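The shown structure was predicted, so the numbers you read here are calculated from the model rather than taken from an experiment. Order of the sequence lines sets the chain letters (A, B, ...), proteins ahead of strands, with each chain counted from 1.
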Amino acid sequence: MIAIIGAGPAGLAAAMTAAENNEQVVVIDSAPRPGGQYWRHLTKVEGYKSGRSDKYFRAMQENEKIIYISGAQIWSAVPGENGITLNYLAAGIESSISAQKVILATGAHDRAIPFTGWERPGVMTPGAAQALLKGHNVIAGQRIDYRHRSFSLAGGGRARCCGSRCCRNHRSPFTASLA
Amino acid sequence: MSARADSEISFTFNGDIYEGVTGQSIAAALMASGVRELRATRFHKEPRLIFCGIGICFDCVVIVNGVANQRACLVEIAQGDQIVSNA
């Protein structure tokens, strides 16, 4: 048994690759649906010509080699005779599962650099603005105030890249701070 | 994946009625309706909205149907939800 923590693109790719090589796989993820931060669209994922996300999502449901546990929070990982035991909480119930190998695909989040006023309503990371748009069809704001010098307000190249693309699609400047 | 944004949902926030669609987070549905304060800080009563937006920073916690400290950026709205600002 291989346990994969995270059901974003990396975790899903790992799960399918392992399953295709005849390994029993368990994928444990905190979100209610697979896709991670990247494939989090409220409506159908579009714009991915390869169709990778559809293939992965289908595998989570249909591949008999893959056990998919969603909405789970892992709170400890303990090495023992049966490999590594992962203790997790899902739907208010404590459970555990053991695996010989664990693959971490827990992703990343913005690294925010504090500045005066960063806690005020309307100031948010690019990841937040991106999640609002992709995941919830809500534009964070109409006016851009993008704070960065050598450090950006919030950091991942991935998040910034996706965010600017989302915003071009919506004809709205990327915003880190809404008016 | 089939579309999630298929039906309208109504819920209350601090007693007022709001609407959103299936799959939207509490924070997104409220922000779309113009809400700019999800809670006030305990001591100085300063307003807070979302910051990280993906469940990391816990700045957006609210009480959902009596359960405290729920992250508004993650929890999806459900029909008839009663949501109030964290005390």
Compare every heavy atom of [Y] with every heavy atom of [X], then report the nearest pair and how far apart it is.
| X | Y | answer |
| --- | --- | --- |
| B:E46 | A:E119 | OE1-OE2, 4.4 Å |
| B:G53 | A:A131 | O-CB, 4.0 Å |
| A:P121 | B:R48 | CG-N, 4.1 Å |
| A:V138 | B:A28 | CG2-O, 3.5 Å |

Problem set entry | CD (A:E64) with more than 12 external heavy atoms under 6.0 Å | no
Problem set entry | Proximity breakdown for B:C57 and chain A, heavy-atom pairs closer than 4.5 Å |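 Neither the backbone nor the side chain of B:C57 comes within 4.5 Å of chain A.
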For this session: Let me know if B:I50 has heavy atoms under 4.5 Å from chain A in its side chain, its backbone, both or neither.
Result: both
Nearest-0.5 Å distance, [atom1] of residue [X] to [atom2] of residue [Y]:
| X | Y | atom1 | atom2 | value |
| --- | --- | --- | --- | --- |
| A:R120 | B:R36 | CZ | CZ | 14.0 Å |
| A:M124 | B:D59 | CE | CG | 11.5 Å |
| A:I139 | B:M31 | CD1 | CE | 11.5 Å |
| A:L132 | B:S25 | CG | OG | 6.5 Å |

Exercise. Side chains of B:C52 and A:H109: does their closest heavy-atom pair fall under 4.5 Å?
Worked result: no
Problem set entry | Side chain to side chain, A:Q130 and B:I54, heavy atoms closer than 4.5 Å |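 The answer is no; the side chains never approach within 4.5 Å.
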Side-chain heavy atoms nearer than 4.5 Å, only ILVMFWY residues, links allowed to pass through others: does that put [X] and [Y] together?
| X | Y | value |
| --- | --- | --- |
| B:L38 | B:I77 | yes |
| A:M1 | A:L104 | yes |
| A:M16 | A:I4 | yes |
| B:F13 | B:I26 | yes |
| A:I103 | A:M60 | yes |

Donor-acceptor contacts, no H, no angles, side chain residues 71-86 of chain A, under 3.5 Å, sequence neighbours left out:
| unit_1 | atom_1 | unit_2 | atom_2 | d |
| --- | --- | --- | --- | --- |
| A:S76 | OG | A:N87 | ND2 | 2.7 |
| A:T85 | OG1 | A:S98 | OG | 2.9 |

Exercise. With chain A, which of B:P47, B:C60, B:C73, B:A32 has the greatest number of heavy-atom pairs at distances under 4.5 Å?
Worked result: B:P47
Which side-chain N or O atoms in residues 64-71 of chain B pair as donor and acceptor under 3.5 Å with protein atoms at least two apart or in another chain?
| unit_1 | atom_1 | unit_2 | atom_2 | d |
| --- | --- | --- | --- | --- |
| B:N65 | OD1 | B:Q82 | N | 2.7 |
| B:N65 | ND2 | B:D81 | OD1 | 2.8 |
| B:N69 | OD1 | B:N86 | ND2 | 2.7 |
| B:Q70 | NE2 | B:A68 | O | 3.1 |
| B:R71 | NH1 | B:G55 | O | 2.7 |

